[in-house]
Protein chains: 2
Amino acid sequence: MSDAERDRRFASTLAKGLQVMQAFKPGDVSLGNRELARRTGMPPSTVARMTFTLASMGFLEQLHPSEAYRLGPSVMALGYTARAGLSFLPMAENVMQQLADDTGVLVALSMRHGDAAMLTRCWRPRNASSLWLSEGHRLPMEQSAPGRAILAADPTLVAETEQARADREQLESRGYVISYGGWNSGVNACAVPFQTALGTQPFAFLCGANASDLNTEKLERVVAPRLRDTVQTLRHSLGYM
Amino acid sequence: MSDAERDRRFASTLAKGLQVMQAFKPGDVSLGNRELARRTGMPPSTVARMTFTLASMGFLEQLHPSEAYRLGPSVMALGYTARAGLSFLPMAENVMQQLADDTGVLVALSMRHGDAAMLTRCWRPRNASSLWLSEGHRLPMEQSAPGRAILAADPTLVAETEQARADREQLESRGYVISYGGWNSGVNACAVPFQTALGTQPFAFLCGANASDLNTEKLERVVAPRLRDTVQTLRHSLGYM
DNA sequence: GTTTAGTGTTCCGCATAGCGGAATAATAAG
DNA sequence: CTTATTATTCCGCTATGCGGAACACTAAAC
């Protein structure tokens, strides 16, 4: 039990409902109350109250006749509202799409979410096939380019590994972090961290492709500098320093 | 207070937390506790408990130094999980992208959410500019093509307007619903309803473009029949009847 | 510099919302 | 027909959460 959970302000009933929703994973089509009880550790009657309330507000839908649940439209609506609340995104849309078209690689925005860098927005080159990653995909913080860029830019990071130190130096000297097969042996990528407001989770813009499509020279001489410059232009446009 | 809210199974604390998140609208960058109190009608101390709990679980982020909140990465993560739970989407990706490329119009999947048809997934033609609509946008049920297609396919609809009756007949005879500027005077569109499991909100696939790019002949002779056939092929691939 | 207004946060007495074990109901498998 | 599993409901009990008031801080107005 964390500090927040012990705090008298903590609303445990709200937390339980959120945990029930978070029990759903991307590969799940539907889950019954019993499976939700197993995954969350809650008694079935507690789960039944949570699912009843969530379903009445559109956060879950109960399928018939199986009586299993799936995440409902209110969840998706909130997700889109959350993304729409990222005020810099409209300004990023065109320049990142142009970058994807010019370089022929996948461009994406990722956001830290727990132990992962989660893809929040993707821009695909319109005239080339691109990496299979899409929005919602989670990349490990320690191995992926965006994860490492976020960690390298973090001034409070204390448990610094050799890799993190090298990434921080690379970020300071070149303005981006590069990964050759760091997360997936067949994928090369680069990333530039992007911080918005204090108190919020950090972002990183990334470019990535299969190694066969994105060799060392193209990555280091073309794509990574272009990404760094595009993100810097975006910062200036937004009045960020 | 609805029937569900009076039910003893209803967890009002969970509902309050969800209402706080739903107080955020797509144009909001951040909201303070007082504004959340105003929007939800809850006392400030109740809102403070909800925001404290939501922030501790990543559903809200508190910005510094303004102390205002924005929706956090856990909301976006759940939204992507919800979309990933739509098991038919992977199979729709390629055929709908191809349809967008072939016809040069925006193709999208929408889902009923309250009084709106909410765009859940968009496919843009890669070699043409397209309609400005994107994921999360909400179209009115009574005026938009997808809204009308969903209503026309609804066997339980009782308050049938003249438009709904005409749409139902069009759907039955042609397999799609067409809208000339029904939602926006400069936009033409067609839609085909798509039902998945019983108990869940209905979907509709739609094609739309500016009227200057999508005239009557192209819509009726090319795009609408193609959409209907593509959705029908998708149903068969999924084993739906 | 003082006063006023607005915001965010915390406190605490109170009572009801929510808990969870047990019972009930339904369906599927053996 | 019996057993196993799931879903749902009940209800006595108490801990969770409520909200008005107080407190703290900052900014604007005078």
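Naming convention: chains lettered A, B, ... in sequence-line order (proteins, then strands); numbering from 1 in each chain.
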With the criterion being N/O to N/O and under 3.5 Å, what pairs connect the protein with nucleotides 24-28 of chain D, and how long is each?
none

Between Asp115(B) and Arg138(B), is there a side-chain N and carboxylate O pair less than 4.0 Å apart?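 The answer is yes: the pair qualifies as a salt bridge.
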Taking NZ, NE, NH1 and NH2 as the nitrogens, is one of them in Asp28(B) or Arg39(B) under 4.0 Å from a carboxylate oxygen of the other?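 Answer for the salt bridge query: yes.
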Base, backbone or nothing for each nucleotide of nucleotides 18-30 of chain C, written B, S, -, heavy atoms under 4.0 angstrom, 5' to 3'? BBBB---------
For the side chain of [X] and the backbone of [Y], is there at least one donor-acceptor N/O pair under 3.5 Å apart?
{"X": "Glu61(A)", "Y": "Gln201(B)", "answer": "yes"}
{"X": "Ser74(A)", "Y": "Met57(A)", "answer": "yes"}
{"X": "Arg148(A)", "Y": "Ile150(A)", "answer": "no"}

With Arg121(B) via side-chain hydrogen bond (donor to acceptor under 3.5 Å, both in side chains) - residues at least two apart: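 Per chain and number, Arg121(B) pairs via side-chain hydrogen bond (donor to acceptor under 3.5 Å, both in side chains) with Glu93(B), Glu135(B).
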Could I get the full list of side-chain hydrogen bond (donor to acceptor under 3.5 Å, both in side chains) partners for Gln170(B), not counting sequence neighbours?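 Expected list: none.
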Verify the distance criterion only: is there a donor paired with an acceptor across the side chains of Thr196(B) and Arg70(A) at less than 3.5 Å?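 A pair is found: one side chain offers a donor N or O, the other an acceptor, under 3.5 Å apart.
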Side-chain contact test, heavy atoms from C-beta onward, threshold under 4.5 Å: evaluate it for Asp167(B) versus Leu151(B) and give yes or no.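 They are not in contact (no side-chain heavy atoms under 4.5 Å apart), so the answer is no.
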How are the rings of Phe194(B) and Phe205(B) set to each other: parallel, tilted or perpendicular (split at 30° and 60°)?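 Correct class here is perpendicular.
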How are the rings of Phe10(A) and Phe52(B) set to each other: parallel, tilted or perpendicular (split at 30° and 60°)?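 Judged by the thresholds at 30° and 60°, the geometry between Phe10(A) and Phe52(B) is perpendicular.
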Do Arg228(B) and Tyr176(B) form a cation-pi contact, if we require the NZ or CZ to be under 6.0 Å from the six-membered ring centre and within 45 degrees of the ring's axis?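 Ring-cation test returns no.
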Over how many whole Å does the gap from [X] atom [atom1] to [N] atom [atom2] extend?
{"X": "Phe52(A)", "N": "dT8(D)", "atom1": "CZ", "atom2": "C1'", "result": "12 Å"}
{"X": "Tyr69(B)", "N": "dT7(C)", "atom1": "OH", "atom2": "C1'", "result": "12 Å"}
{"X": "Gln62(B)", "N": "dG8(C)", "atom1": "CD", "atom2": "P", "result": "9 Å"}

Are Phe24(A) and Tyr69(A) an aromatic pair, judged by ring center distance below 6.0 Å?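 Between Phe24(A) and Tyr69(A), which both carry aromatic rings, the centre distance is not below 6.0 Å.
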At 10 degrees resolution, what angle do the end axes of the helix from dG1(C)-dC30(D) to dG30(C)-dC1(D) form when each is taken over five base pairs?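 It works out to 40° between the end axes.
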Interface residues of residues 28-39 of chain B with DNA chain C (non-hydrogen, below 4.0 angstrom):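 Close to the strand are Gly32(B), Asn33(B), Arg34(B), Arg38(B).
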